[in-house]
J.: 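Before I ask anything, let me first share the structure, which is written out below as structure tokens.
Hydrogens, waters and symmetry mates are skipped; everything else that's a heavy atom, side chains included, is used. Numbers for residues simply follow the sequence, beginning at 1. Both ligands and their constituent atoms are indexed starting at 1 by order of listing.
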Amino acid sequence: MKTLKSYVCEAWYEAPEGHVPLRDPSTEEVIAQASTAGLDFAATLNHARTVGGSSLRKLDVAERGQVLNAMSKALHACREELIDLSMKNTGVTRKDAKFDLDGATGTLAYYGHLSKELGGEMILDGEGVALGRSARFWGQHVKIPLRGAALLINAFNFPAWGFAEKAACAYLAGVPVIIKPATSTAMVAERCVEILVEAGVVPEGALSLVCGSTGDLVDRLGSQDVLAFTGSAETALKLRSRPNLLALSTRVNIEADSLNAAVLGPDVEPGSESWNLFLRDVSLEMTQKTGQKCTAVRRILVPADRMGEVAEALGERLGAVVTGDPRHESVTMGPLATADQLADTLEGVARLSESARIVHGTGERIDGTGAAAGKGYFFGPVLLQADDARKAQAVHEREVFGPVSTLLPYDGKAAEAAALVGLGGGCLVTSIYSDDQAWVEEIVPAAGSWSGRLYLGSTKMAAQAPSSGVALPQSMHGGPGRAGGGQELGALRGLDLYLHRVALQGSRSMITRLSGARGDS
Ligand code: NAP
């Protein structure tokens, strides 16, 4: 059995005690253990801030972009090994493992390429402006890397992409990172860091890894540090209320859970391209990574007169899903990642059943194809249906982090659909399927304020659409309200979390020269 190590102060640390087990979710076999007992978190943070910060700031933006490209290549070179490890540790299918890993390398490469857009060495924020009677007294906003370190706490479901998308932005901005993966799936993140360290592609001190509990690390974060968190709303609330973070105004970004909605427009006819796109997206978003995706569709809003046809068509697609050990050739959906996830999903479906009835699936644990009877955290897709969307309170409140979604009828009006989207309290993504321009124009502003991203499915984009749940680095990822209120990615906007904005006021010539200056160490 493997004992996971942390990587701190340029050395691997193996804890002597206090280990928690990591299991293969298909077999329940213990495959690794992790602990941070005895780890010196003060030294870890200090090393990242001083050595890591300094070595990153010595590089200009283009050089930091090259670091990201080298990271992407080093991880891509080990793609097959990482896919196998991900299938074993997280229980995902090969396809789903690729989604995580290719997402990681793709996002690193995207930001590597984007460094070219930044040009100079200091990042300018907009145009300069004359502040006096003439241009001699000049104002210019510039963005400067924070002098601390970024603690990247991630959820279990994206062990590679989770840290890579955050690190890409932090590094390009010039801020070192301490990666803290979810313990249950930390094998993938640990191996990724090992690959990067062995490849020697990351500047000294810029990369640390904590496998296991964070000890007192969060309490040590100061005003120049960043906490970038992805996980449940419950953990997010605990973390963001830490007195030191509040007292020192430490930057905190939260990506939490979300009751994303897919809305079928009243104009979409069965069999049309938009109809097929809607069905493809919803069934994929319910089952990809066994529904353990923050952007998965949890609520399906359907015009009441189309409900029967949608339930039948979706049921057919879900009926084709084969749940089991992802190493078995016929399996298309793996188990849930942990025993806790299974217990939470069972409890969640029971809660949803208070206001909706199951129309596809059992809502019970099942035996998996290719797995021993009684072993593994297997749970088949479950589709529920509510008769009254407004009364189905649990459906708008309880995120079931598994292959579970609920059909909700509405009257076909854009205003009502948007109001139902809003009952979720804030989503990462809302997908809307319609070719009716006027209807879309009505729903976009009304549903948009509840959503981080609006995915507008239509006949014209169907052939190129990746599916609503894909967080592309060009577009912002994050959502208002219960989704955490955070913002990640979105091209250069993704760097803002790690940059401090300063208003420079002075002579135009001096400010112009400063804008081209290399940051000090
Ligand atoms: P979680 O239980 O909240 O854990 C998330 C992370 O926080 C893990 O790394 C966990 O470490 C760590 N953590 C827990 N308690 C902590 C504490 N007191 N101090 C410091 N770190 C702590 O969430 P999860 O079960 O891994 O992930 C599922 C949830 O994440 C779902 O609700 C999902 O919607 C959400 N999610 C959101 C997004 C998004 O982008 N918005 C993406 C993916 C997932 P340990 O594993 O060591 O406990």
J.: Counting each atom of ligand 1 from 1 as listed, which ones have a heavy atom of Ser232 under 4.0 Å away?
T.: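 Counting from 1, the qualifying ligand atoms are 1 (P), 3 (O), 23 (O), 29 (C), 30 (O), 32 (O).
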
J.: Could you see which bit of Glu399 sits under 4.0 Å from ligand 1, with heavy atoms only: side chain, backbone, both or neither?
T.: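 The answer is the side chain.
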
J.: Which ligand 1 atoms does Pro181 reach within 4.0 Å, using its non-hydrogen atoms?
T.: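 The list of qualifying atoms is 9 (O).
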
J.: Would you mind telling me if ligand 1 is within reach of the side chain of Ile153, the backbone, both or neither, using heavy atoms under 4.0 Å?
T.: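 It is the side chain that gets close, since no backbone atom is under 4.0 Å.
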
J.: With heavy atoms of Thr183 as the reference, note each atom of ligand 1 found under 4.0 Å away.
T.: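 Close to Thr183: 45 (P), 46 (O), 47 (O).
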
J.: Looking only at N/O atoms, are Ala256 and ligand 1 under 3.5 Å apart anywhere?
T.: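 There is such a contact, yes.
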
J.: Does any N or O in the side chain of Arg240 come within less than 3.5 Å of the main-chain N or O of Gly484, such that one atom is a donor and the other an acceptor?
T.: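 Yes, because the side chain of Arg240 sits within donor-acceptor range (under 3.5 Å) of the backbone of Gly484.
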
J.: For ligand 1, does Asp257 get within less than 4.0 Å through its side chain, its backbone, both, or neither, judged by non-hydrogen atoms?
T.: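 For Asp257, backbone and side-chain atoms both sit under 4.0 Å from ligand 1.
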
J.: Identify the protein heavy atom lying closest to atom 11 (O) of ligand 1, giving its residue, its atom name and the separation to 0.1 Å.
T.: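 Of every protein heavy atom, Lys180 NZ, 2.9 Å lies nearest to atom 11 (O) of ligand 1.
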
J.: Under a 4.0 Å threshold between the charged nitrogen and the carboxylate oxygen, would Glu190 count as salt-bridged to Lys5?
T.: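 Not counted as a salt bridge, because no side-chain N and carboxylate O are separated by less than 4.0 Å.
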
J.: Tell me which one of Asp340, Thr235, Thr338 gets a heavy atom nearest to atom 22 (C) of ligand 1.
T.: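 When every heavy atom of Asp340, Thr235, Thr338 is considered, Thr235 comes closest to atom 22 (C) of ligand 1.
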
J.: Taking 4.0 angstrom as the limit and counting only heavy atoms of Ala182, give me the atoms of ligand 1 inside it, by number and element.
T.: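 With Ala182 as reference, the close atoms of ligand 1 come out as 8 (C), 9 (O), 46 (O).
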
J.: Show the atoms of ligand 1 that are less than 4.0 angstrom away from any heavy atom in Ala155.
T.: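 Going through ligand 1 atom by atom, the ones under 4.0 Å from Ala155 are 26 (O), 27 (O), 30 (O), 43 (C), 44 (C).
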
J.: Please report the C-alpha distance between Gln224 and His500 in whole Å, then the side-chain angles of each, then the deciding distance to 0.1 Å, and finally whether the side-chain hydrogen bond (donor to acceptor under 3.5 Å, both in side chains) criterion is met.
T.: CA-CA 9 Å; Gln224 291 282 313; His500 173 62; over 6 Å; no

J.: Please examine the side chains of His477 and Arg453, heavy atoms only from C-beta on, and report whether any two atoms are closer than 4.5 Å.
T.: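 The answer is no, as the side chains (C-beta and beyond) never meet within the 4.5 Å cut-off.
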
J.: List every atom of ligand 1 that sits less than 4.0 Å from any heavy atom of Leu428, numbering the atoms from 1 in the order shown and giving each element.
T.: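 In order of number, 39 (C), 41 (N).
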
J.: Is the shortest distance from a Lys or Arg side-chain nitrogen in Arg79 or Asp102 to a carboxylate oxygen in the other one below 4.0 Å?
T.: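 Salt bridge: yes.
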
J.: State the atoms of ligand 1, each with its element, that fall below the 4.0 Å cut-off from a heavy-atom position in Thr214.
T.: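 It comes down to these atoms of ligand 1: 19 (N), 20 (C).
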
J.: Taking distance alone, with N or O pairs closer than 3.5 Å, would you say His477 contacts ligand 1?
T.: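 Between His477 and ligand 1 (N or O atoms, distance only) the closest approach is under 3.5 Å.
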
J.: Do Asn154 and Lys166 have side-chain N/O donor and acceptor atoms under 3.5 Å apart?
T.: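 Result is yes, a qualifying pair exists.
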
J.: Identify which of Phe229, Phe401, Phe158 has a heavy atom lying nearest to atom 28 (C) of ligand 1.
T.: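 It is Phe401 that holds the nearest heavy atom.
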
J.: May I ask you to decide whether Arg49 forms a salt bridge with Asp225, counting only side-chain N to carboxylate O separations under 4.0 Å?
T.: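 Here Arg49 pairs with Asp225 in a salt bridge, since their nearest N and O are under 4.0 Å apart.
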
J.: Could you tell me, atom by atom, which parts of ligand 1 come under 4.0 Å of a heavy atom of Leu239?
T.: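 Ligand 1 atoms under the 4.0 Å threshold to Leu239: 19 (N), 20 (C).
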
J.: Would you kindly specify which portion of Thr295 sits under 4.0 Å from ligand 1, judged on non-hydrogen atoms: side chain, backbone, both or neither?
T.: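 Within the 4.0 Å criterion, Thr295 makes no contact with ligand 1.
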
J.: Would you say the side chains of Thr338 and Asp340 form a donor-acceptor pair under 3.5 Å?
T.: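 There is no such pair (donor and acceptor under 3.5 Å, judged by atom type) between the side chains of Thr338 and Asp340.
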
